[in-house]
Amino acid sequence: MRKPAMPIPSPFQSSIAKPGQGKVVLSLLPPNNPTLTTLTYKYPLKLVPRTGGFVPSPDSSALSDTCPSNPVHLYLLTYGGGLLPGDHIEVSITLEPRTRMVVTTPQGSTKIFKTTPNNNGTSPNVIKGHRDQMPANKSLSDMSQQTLDVNIGRQAALCYLPDPSVPFKHSRYAQVQTFTVDATAKGAERSSLCVLDWVTQGRTSRGEDWDFHFWRGRNEVWAEDDKGKRRLLLRDSVILDDESEDLQDTSIPDGLEVEKKDKTYSNTTHAGLENPVDLPPQAPVGLTPLNIIAERTRPHGVVGTLILSGPVFEALGSFMLKQFQSQPRIGSRNWSDHAPSSVPEPSLSFKGNVTWTAARVRAGFVLVKFGAKDFETAKHWLGGLIREEGSVIREFGEEALCCL
């Protein structure tokens, strides 16, 4: 009897085994054609490339000896418009020498959906709306995660200006964004990057005001030489935590009875302990518990970070520093009648609803930190400053600022 032939594997089968993973490699083919030589992704992640019609000026200040390549746009999307509990997105991007890429999120925002666990002790921890069964550990099951790893080659440039993330009430989210540049490149051949990372207070239309459990973001920039030796250039972290897990950890052990001033705290076991740690402040009966994140971010409804580095964004970095240094300082004005007026010209950098700072830090990076009353205010302020300076539009086109 003739044996059946082995099935022929599909040439279109995905090379990515893990859900949420994506890989992109942008190469420059002769003579000067940017091409995505690798583009793979798997649900719930979706990567949509687009080669726009914008052509940078030949006399660009970024690449003095060669004409800069046309930028390629990459859109990061997730099915459903956001991240469900337990989703883990991993994106790897490689920009080979002399390539340029614009990364944006056309869905308006990165929504971090809330969790509704059903853990009754007998059934596994299943989260409503999730795409798979979750582990029983709460801290692992209901956390949305996103990892971005970008390698930027010599004379390459990344413009990463996404929409802000919007954490829903009771959500948990952590992200790590790592950018690796060429350590051997010097001067105008250095890698360039512009990274915007910002988060809002939630869905204001539903009354949310920093009501999520935590949002943690870390941005790192590393330099790697041709031998694989790495050196950390910049690390910036933002941690917004309501510390609810810490409050649970500092609860009184069972059986402990403590008398402190006019209050008595008691439980049922461990009667041998005598000097417990001081209890965290509790809200009086009938009052809403203190929102730690809202108190620490007050009066802002959005906070963010802008990281600038490299020759392509050197002009923008200098412009942001100049705008910040022109801000009025306390005690800097001469109040005498004969002193000339020193009132500055109206500018977006003087917008009263935005609190911000800018500084040049290690390895020539320009770091901008800002907080604004709401998303629209921050969007108008930052987008206005970037458009006023103009280099991003000249190098990447107006479409690079679609989120601003």
Side-chain angles (χ1 to χ4, degrees), residues 15-16 18 20-29 34-41 45 47 49 62-66 68-69 71-72 74 76 88-103 145-162 174-197 216-238 305-314 316-317 359-368 395-396:
S15 60
I16 296 180
K18 188 177 180 181
Q21 282 188 334
K23 184 176 182 180
V24 180
V25 177
L26 178 61
S27 306
L28 193 64
L29 303 182
T35 304
L36 290 173
T37 54
T38 300
L39 176 64
T40 57
Y41 58 88
L45 172 69
L47 304 175
L63 302 176
S64 57
D65 55 342
T66 58
S69 63
V72 174
L74 182 68
L76 271 63
H88 190 182
I89 302 299
E90 297 181 8
V91 181
S92 173
I93 301 176
T94 299
L95 303 183
E96 295 189 354
R98 293 182 53 209
T99 58
R100 294 185 172 192
M101 178 174 285
V102 177
V103 180
Q145 302 179 60
Q146 181 165 301
T147 303
L148 177 65
D149 187 10
V150 184
N151 288 273
I152 309 174
R154 181 186 297 258
Q155 287 186 309
L158 171 71
C159 183
Y160 182 34
L161 297 174
Q175 72 174 24
V176 177
Q177 300 183 149
T178 305
F179 307 90
T180 303
V181 299
D182 189 343
T184 62
K186 306 296 180 182
E189 293 187 350
R190 292 179 296 135
S191 309
S192 302
L193 73 154
C194 170
V195 178
L196 175 62
D197 187 14
R216 300 174 185 174
R218 185 171 80 240
N219 296 296
E220 296 181 349
V221 183
W222 294 77
E224 183 175 358
D225 58 19
D226 50 2
K227 298 181 179 180
K229 185 178 180 180
R230 294 167 61 85
R231 178 168 59 96
L232 180 64
L233 301 180
L234 176 71
R235 173 179 289 146
D236 179 81
S237 298
V238 175
T305 303
L306 179 67
I307 301 174
L308 303 170
S309 176
V312 175
F313 303 105
E314 179 63 32
L316 178 58
R360 190 177 294 276
V361 296
R362 177 185 176 187
F365 287 87
V366 173
L367 194 65
V368 179
E395 302 289 347
F396 298 92

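Fair warning: this is a prediction, and the values are worked out from it, not measured in the lab.
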Side chains of S309 and V221 in contact at under 4.5 Å (non-hydrogen atoms): no
Any side-chain heavy-atom pair from V238 and D197 closer than 4.5 angstrom? no
Search all heavy atoms of L306 against all heavy atoms of C194 and return the closest pair with its distance. CD1-SG, 4.0 Å
Quick one: does M101's side chain get under 4.5 Å of F396's, heavy atoms only? no
Is there a donor in the side chain of R154 and an acceptor in the side chain of T184, or the other way round, less than 3.5 Å apart? yes
Distance, nearest 0.5 Å, that separates OH of Y160 from CD1 of I93: 8.0 Å
Minimum-distance pair of heavy atoms, taken over all atoms of L47 and Y41: O-CE2, 3.4 Å
Output the distance between atom CD (Q21) and atom CD1 (I89), rounded to the nearest 0.5 Å. 10.0 Å
Correct closest heavy-atom pair for G187 and P311 would be O-CG, 4.3 Å
Search all heavy atoms of F365 against all heavy atoms of R362 and return the closest pair with its distance. CD1-O, 3.0 Å
Measuring from atom NZ of K23 to atom CG of L45, what distance do you get when rounded to the nearest 0.5 angstrom? 14.5 Å
Pairwise side-chain contact, L196 with P162, heavy-atom cut-off 4.5 Å (strictly under): yes
Donor-acceptor pair, S191 side chain versus I152 backbone, under 3.5 Å? yes
From R100 atom CZ to C159 atom SG, the distance as rounded to the nearest 0.5 Å: 10.0 Å
State, with a plain yes or no, whether a side-chain heavy atom of L28 is found less than 4.5 Å away from one of P97. no
Under 3.5 Å side-chain donor-acceptor pair for E90 and T147: no
Report yes if the side chains of N151 and L95 come closer than 4.5 Å at any heavy-atom pair, otherwise no. no
Roughly how far, to the nearest 0.5 Å, is CD of E96 from CD of Q155? 14.0 Å
Looking at T178 and W222, what are the two nearest heavy atoms and their distance? CG2-CD1, 3.7 Å
Of the options D236, D149, N219, which is the one that meets Q177 in a side chain to side chain donor-acceptor pair (under 3.5 Å)? N219
Under 3.5 Å: donor-acceptor pair, side chain of R231, backbone of A183: no
For E224, enumerate each residue passing the salt bridge (charged side-chain N to carboxylate O under 4.0 Å, His left out) test, keeping only those at least two apart in sequence or located in another chain. R230
Smallest heavy-atom separation, P71 atom then V102 atom, equals CB-CG2, 4.4 Å
Output for pair (R98 CZ, L26 CG), nearest 0.5 Å, gives 12.0 Å
Can you find a heavy atom in the side chain of L148 that is under 4.5 Å from one in the side chain of V103? no
